[in-house]
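Note: hydrogens, waters and symmetry copies are ignored here, and every other heavy atom, side chains too, is used. Chain letters run A, B, ... following the sequence lines, proteins first, then strands; residues in each count from 1.
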Number of protein chains: 2
Amino acid sequence: MVLMSDDVWLNDEQQRAWVRFISVVERLPGVLDTQLQHDADLTHFDYLTLAMLSEAPDRTLRMTELALVTNATLPRLSHVVSRLEKRGFIERSPSTDDRRATNARLTDAGWEKVGATAPGHVGTVRDYVIDPLDAQDVEDLHRVMGKILAKLDPEHGLRVQR
Amino acid sequence: MVLMSDDVWLNDEQQRAWVRFISVVERLPGVLDTQLQHDADLTHFDYLTLAMLSEAPDRTLRMTELALVTNATLPRLSHVVSRLEKRGFIERSPSTDDRRATNARLTDAGWEKVGATAPGHVGTVRDYVIDPLDAQDVEDLHRVMGKILAKLDPEHGLRVQR
DNA sequence: TCCACTTAGTTGTAGCATCAACCATTCGAT
DNA sequence: ATCGAATGGTTGATGCTACAACTAAGTGGA
């Protein structure tokens with residue numbers, strides 16, 4: 001529109017890919033949230049927070065680390081952890097190393113919650129994303145998302161190489 | 001976790017692909033919103049709404065149609081259109097065909113807004129998504145997103161085949 | 001024709017995210 | 001040793017989204 005020079009606009013193939021991609025990006029979170037909200041009274045971000053803690057050593061991470069692995073800003077995480085703490089799934093305690101830092105630890109109740117919630121969530125992920133794809137698709141998804149993620153978050157991409 | 005049978009959990013390659021994908025899904029909207037908010041005082045969804053109208057015949061669509069192409073629910077769209085109407089970018093008028101229906105039409109000011117905003121937005125899309133990808137990546141992205149979108153929104157996938 | 005059902009859209013409310021402002025601690029340079 | 005800057009984190013206000021409830025208009029059968 002307005003400017004049609006190739007450096008600015010997208011070509012047809014790029015345009016088609018973008019439209020599909022952004023549609024998925026807009027719709028997928030709603031699907032995940034709906035299932036988790038309905039079955040576990042958690043947002044997808046709540047679940048991710050609990051899940052990341054459940055995989056950490058001693059079920060504990062500093063807020064900054066947790067924000068990194070959950071793709072969140074610190075204010076957002078702080079609010080979410082406050083709510084999850086009120087519900088008894090997480091405990092906060094000041095770090096002894098660095099007195100500015102806060103450790104978030106998954107409680108036993110939080111651990112149970114993740115275990116009870118995971119199968120339903122993974123089922124949704126399978127239904128809407130993984131099962132429609134063959135092995136080649138999954139490989140391509142991994143590669144393409146890697147390139148985009150490297151742009152969206154350069155440092156993080158280098159740290160968590162997997 | 002808890003249940004490890006292959007039918008329930010994901011294998012390593014699937015897991016890696018999912019983690020990257022969901023990271024992108026969580027981060028991308030923020031990047032788009034930030035640029036548009038900063039440069040045009042629009043959310044990405046605001047922009048999409050205006051852009052879809054700008055491509056429609058007579059710059060007009062019924063609310064239901066507009067909701068479809070913007071991947072939104074009707075309540076969400078209704079609120080957004082109300083705001084955009086207050087700002088003079090959209091006009092609403094009752095449909096003559098079906099007296100339940102409402103037509104949303106892009107005003108001249110709305111048209112100008114889209115034109116002024118598009119280059120910056122497309123620049124962001126290029127920077128973060130398109131430019132890091134080669135032609136093969138774009139093709140793969142298109143194919144894979146097509147399969148996922150077909151699950152997320154079966155009817156729509158059939159209608160807008162492109 | 002009447003009544004039940006569906007479709008189109010709006011509105012109010014509650015909850016989550018973003019942003020800016022803020023405090024406390026630590027680091028780095030002089 | 002001290003002061004300025006950077007880091008780690010929390011909090012409050014504002015704004016958008018989701019959900020439920022609702023009105024109005026069209027549809028389809030008995």
Side-chain angles (χ1 to χ4, degrees), chain A residues 25-49 60-87 90-105 155, chain B residues 25-49 60-87 90-105 155:
Chain A
V25 167
E26 292 291 339
R27 285 176 186 268
L28 187 55
V31 171
L32 300 178
D33 276 331
T34 299
Q35 182 265 321
L36 283 165
Q37 199 73 60
H38 189 271
D39 294 354
D41 194 26
L42 293 174
T43 65
H44 176 247
F45 185 74
D46 290 337
Y47 174 80
L48 196 59
T49 302
T60 303
L61 285 174
R62 284 166 61 146
M63 293 294 283
T64 302
E65 289 297 316
L66 188 51
L68 256 174
V69 297
T70 56
N71 300 296
T73 59
L74 217 32
R76 179 183 184 186
L77 181 65
S78 183
H79 281 131
V80 168
V81 168
S82 294
R83 285 174 228 137
L84 293 173
E85 192 174 27
K86 278 193 192 105
R87 294 171 68 183
I90 291 182
E91 281 171 357
R92 265 191 278 216
S93 59
S95 167
T96 49
D97 310 1
D98 183 337
R99 274 155 43 207
R100 293 170 300 180
T102 303
N103 286 326
R105 181 167 191 285
E155 312 105 64
Chain B
V25 167
E26 293 290 341
R27 287 177 184 268
L28 186 54
V31 171
L32 301 177
D33 276 329
T34 298
Q35 182 266 320
L36 284 166
Q37 199 72 60
H38 189 271
D39 294 354
D41 195 24
L42 294 174
T43 66
H44 177 246
F45 185 75
D46 290 337
Y47 173 79
L48 195 61
T49 303
T60 303
L61 285 174
R62 285 167 60 147
M63 292 294 283
T64 303
E65 288 296 318
L66 188 52
L68 256 173
V69 297
T70 55
N71 300 294
T73 59
L74 215 32
R76 179 184 184 184
L77 181 65
S78 184
H79 281 130
V80 168
V81 169
S82 294
R83 285 174 229 138
L84 293 173
E85 193 174 27
K86 278 194 192 104
R87 294 171 68 183
I90 291 182
E91 281 172 358
R92 265 191 280 217
S93 60
S95 167
T96 49
D97 310 1
D98 183 337
R99 273 155 43 205
R100 295 170 300 179
T102 303
N103 286 325
R105 181 168 191 284
E155 313 102 67

Rounded distance in Å - CG (B:Leu32) to P (C:dT18):
13 Å
Rounded to the nearest 0.5 Å, what separates atom CD in A:Glu91 from atom OG1 in A:Thr102?
13.5 Å
Nucleic acid footprint by protein, nucleotides 15-24 of chain D - heavy-atom cut-off 4.0 Å, B for base, S for sugar-phosphate alone:
-SBBBB----
In whole Å, what is the span from the CG atom of B:Asp97 to the C1' atom of D:dA25?
14 Å
Side-chain contact test, heavy atoms from C-beta onward, threshold under 4.5 Å: evaluate it for A:Asp33 versus A:Phe45 and give yes or no.
no
Side chain proximity check, A:Ile90 to A:Thr49, heavy atoms < 4.5 angstrom
yes
Give the rounded distance in Å between these two atoms: CE of B:Met63 and C1' of C:dT7.
14 Å
By the 4.0 Å heavy-atom rule, please label B:Asp33 as base, sugar-phosphate, or nothing.
nothing
Here the distance between atom P of C:dT18 and atom CZ of B:Arg27, to the nearest Å, is 12 Å
Are any of the side-chain nitrogens in A:Asp41 or A:Arg87 under 4.0 Å away from the carboxylate oxygens of its partner?
yes
Please examine the side chains of B:Leu36 and B:Asp46, heavy atoms only from C-beta on, and report whether any two atoms are closer than 4.5 Å.
no
Atom CD in B:Glu26, atom OG1 in A:Thr70: separation rounded to 0.5 Å?
9.0 Å
Mind checking if A:Ser78 touches a base, just sugar-phosphate, or nothing, with heavy atoms under 4.0 Å?
base
Between C:dG15 atom C1' and A:His44 atom NE2, what is the distance in whole Å?
18 Å
For B:Asn103 and C:dT10, give me the distance from atom CG to atom P, rounded to whole Å.
11 Å
Starting at atom CG of B:Asp98, determine the distance to atom P of D:dG26, rounded to an integer number of angstrom.
5 Å
Euclidean distance, atom CZ of residue A:Arg87 to atom C1' of C:dG15 [Å, nearest integer]
12 Å
